[in-house]
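Structure record follows, encoded as structure tokens.
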Amino acid sequence: MSQLHRLRVDNIRFENLTFGFENNAKIFQNTTFDFPLDQIVWIKGESGAGRSTLLQLQAGLLIPEQGAYVMNGENVSEMSFEEFLPYRLNIGYGFDLGGVLYNKTLEENLTLPLLYHKVLSPNEAAQRAMIYMEDLGISKYQHLRPSVVPGGVRKLVCLIRALIMHPQILLLDDPSVGLGQETALKFFDLVDELRQQGELRHVFLSSFDDKLMSVVNPTMVAIDNGQLYLHEAEDDSGEKKAVAA
């Protein structure tokens, strides 16, 4: 058994965090925010506001210029690869088509992390991958490589890859893009199943799919002017008021 089941993530926080890409304006500026946990959180913002960047910071793929990204009271930026590995094994992420290996079949793509980290035996890993592929209607493509399957199938492989390790934290960037509404809902049925089992706890996603989000019924966090806010709540007069964490 790998390290991924030995760690419980109970705090995810930005502390005076500043980040911007080279020669561009800062996306986040002295941002302090405690992320809601044990729920599905919808990251909202205009195009270019930093939705994808936020998710990549949470995944540990980007490093803040200043301030800290904190998990369980520890500054991720100050961790070595070995120190962050138990956290990384508890994070599943799906960023567009990132992470798909074009020299491997769909089944091999899905079983690779399970085998590399020795989470399951080869037979168990193949069985888990097949269950998810059957649930999402793509099992007939299992022995094909990503370059010869429809784009929607590749997208589903990316999404299943994000779930395959049964992480505590799931990060999804526009998960319904390229999928039909029915298929997207089937994927979120899998998300709900893992949440009910208690393995998947914290889900963060960006999306412009208001229809899908109305079904998922998430907590909303808005990015505005480099800061993060909980969703607008109505005050006693019925007017909406932004609530900062």
Side-chain angles (χ1 to χ4, degrees), residues 1-9 38-40 55 59-60 84-205 212 215-216:
M1 183 66 68
S2 73
Q3 303 174 64
L4 77 166
H5 294 297
R6 300 177 186 171
L7 180 72
R8 180 180 171 90
V9 179
D38 293 299
Q39 55 198 291
I40 296 178
L55 294 173
F84 186 58
L85 183 59
Y87 290 95
R88 187 178 296 281
L89 291 174
N90 277 280
I91 301 172
Y93 51 83
F95 299 124
D96 197 19
L97 297 179
V100 172
L101 302 177
Y102 280 78
N103 64 341
K104 295 187 178 296
T105 67
L106 302 192
E107 181 181 288
E108 289 169 339
N109 266 282
L110 294 176
T111 58
L112 179 62
L114 296 169
L115 299 177
Y116 180 80
H117 294 291
K118 300 180 180 179
V119 177
L120 297 176
S121 70
N123 286 340
E124 291 170 327
Q127 183 179 30
R128 181 181 289 184
M130 179 55 67
I131 288 172
Y132 288 152
M133 286 190 286
E134 287 179 344
D135 285 345
L136 293 172
I138 63 171
S139 58
K140 65 182 179 182
Y141 301 105
Q142 69 179 110
H143 298 306
L144 298 180
R145 295 186 178 186
S147 60
V148 297
V149 301
V153 174
R154 289 196 298 273
K155 179 63 176 271
L156 285 173
V157 170
C158 291
L159 294 176
I160 297 173
R161 267 283 293 265
L163 286 178
I164 200 74
M165 293 275 283
H166 290 183
Q168 280 190 62
I169 303 167
L170 182 62
L171 309 171
L172 300 172
D173 194 8
D174 288 322
S176 64
V177 170
L179 302 179
Q181 192 77 7
E182 182 178 347
T183 302
L185 288 172
K186 284 182 180 179
F187 172 74
F188 275 96
D189 284 342
L190 295 179
V191 171
D192 285 338
E193 182 180 325
L194 287 179
R195 293 183 68 222
Q196 289 169 15
Q197 292 172 2
E199 294 184 89
L200 176 59
R201 297 177 55 213
H202 320 305
V203 181
F204 302 93
L205 60 92
L212 176 64
V215 177
V216 174

| message | Please list all pairs meeting salt bridge (charged side-chain N to carboxylate O under 4.0 Å, His left out) that have one or both residues in residues 167-190, counting only residues at least two apart or in different chains. | response | Arg51-Asp174, Glu182-Lys186
| Under the ring pair (Phe, Tyr, Trp, His ring centres under 6.0 Å) test, residues paired with Phe187 that sit two or more places apart | none
| query | Do any N or O atoms from the side chain of Arg161 and from the backbone of Val100 form a donor-acceptor pair under 3.5 angstrom? | reply | no
| message | I'd like to know if the side chain of His202 reaches the main chain of Val9, judged simply by a donor and an acceptor atom lying under 3.5 Å from each other, with no hydrogens or angles considered. | response | yes
| request: Kindly compute the distance separating CD (Gln168) from CG (Leu7), expressed to the nearest 0.5 Å. | output: 6.0 Å
| query | For the atom pair CG (Leu171) and CG (Leu205), what is the distance rounded to the nearest 0.5 Å? | reply | 9.5 Å
| With Gln181, which residues qualify under side-chain contact (heavy atoms from CB on, under 4.5 Å), at least two apart? | Leu185, Asp209, Lys211, Leu212
| query | Would you say the side chain of Leu114 lies within less than 4.5 Å of the side chain of Val119, judging by non-hydrogen atoms? | reply | yes
| request: Dump the intermediate steps for side chain to side chain contact (heavy atoms under 4.5 Å, CB included) on Gln39 and Val203, then the final yes or no. | output: CA-CA 6 Å; Gln39 55 198 291; Val203 181; over 6 Å; no
| Where Leu144 and Val149 come nearest, the two heavy atoms and their spacing | CB-CG1, 3.8 Å
| From Glu193 atom CD to Glu199 atom CD, the distance as rounded to the nearest 0.5 Å | 10.0 Å
| Any idea which heavy atoms bring Ala59 and Tyr93 closest together, and the distance? | CB-CD2, 3.9 Å
| said: Rounded at 0.5 Å granularity, tell me how far CG in Leu200 sits from CG in Leu163. | reply: 7.0 Å
| request: Answer yes or no: are there more than 12 heavy-atom neighbours, outside Asn103 itself, under 6.0 Å from its atom CG? | output: yes
| field | Asp38: salt bridge (Lys or Arg N to Asp or Glu O under 4.0 Å) partners, not counting sequence neighbours | value | Arg201
| Leu159 and Leu179, any side-chain heavy atoms less than 4.5 Å apart | yes
| message | I need the Phe204 CZ to Leu170 CG distance, nearest 0.5 Å. | response | 10.0 Å
| said: Using 0.5 Å steps for rounding, measure from the CG atom of Leu106 to the CG atom of Leu101. | reply: 11.5 Å
| remark: Residues at least two apart in sequence or cross-chain that pass side-chain contact (heavy atoms from CB on, under 4.5 Å) with Gln196, listed by chain then number, are Asp192
| note | In terms of heavy-atom contacts, Ile40 and Val216 come closest through CD1-CG1, 3.6 Å
| query | Considering all heavy atoms of both residues, which atom of Lys155 and which atom of Val177 are nearest to each other, and what is their separation? | reply | NZ-O, 2.9 Å
| Given side chains that start at C-beta, do those of Leu115 and Pro122 come closer than 4.5 Å, heavy atoms only? | yes
Mind listing the side-chain donor-acceptor pairs of residues 124-142 below 3.5 Å, one per line with the distance, residues two or more places apart or on another chain?
{"residue": "Glu124", "atom": "OE1", "partner": "Ser121", "partner atom": "N", "Å": "3.0"}
{"residue": "Glu124", "atom": "OE1", "partner": "Ser121", "partner atom": "OG", "Å": "3.2"}
{"residue": "Arg128", "atom": "NH1", "partner": "Ile164", "partner atom": "O", "Å": "2.7"}
{"residue": "Tyr132", "atom": "OH", "partner": "His166", "partner atom": "NE2", "Å": "2.8"}
{"residue": "Gln142", "atom": "NE2", "partner": "Glu107", "partner atom": "OE1", "Å": "2.6"}

| note | On a heavy-atom basis, the closest approach of Ala162 and Pro167 is O-CG, 3.5 Å
| field | Side-chain heavy-atom pair Phe188, Pro175 within 4.5 angstrom cut-off | value | yes
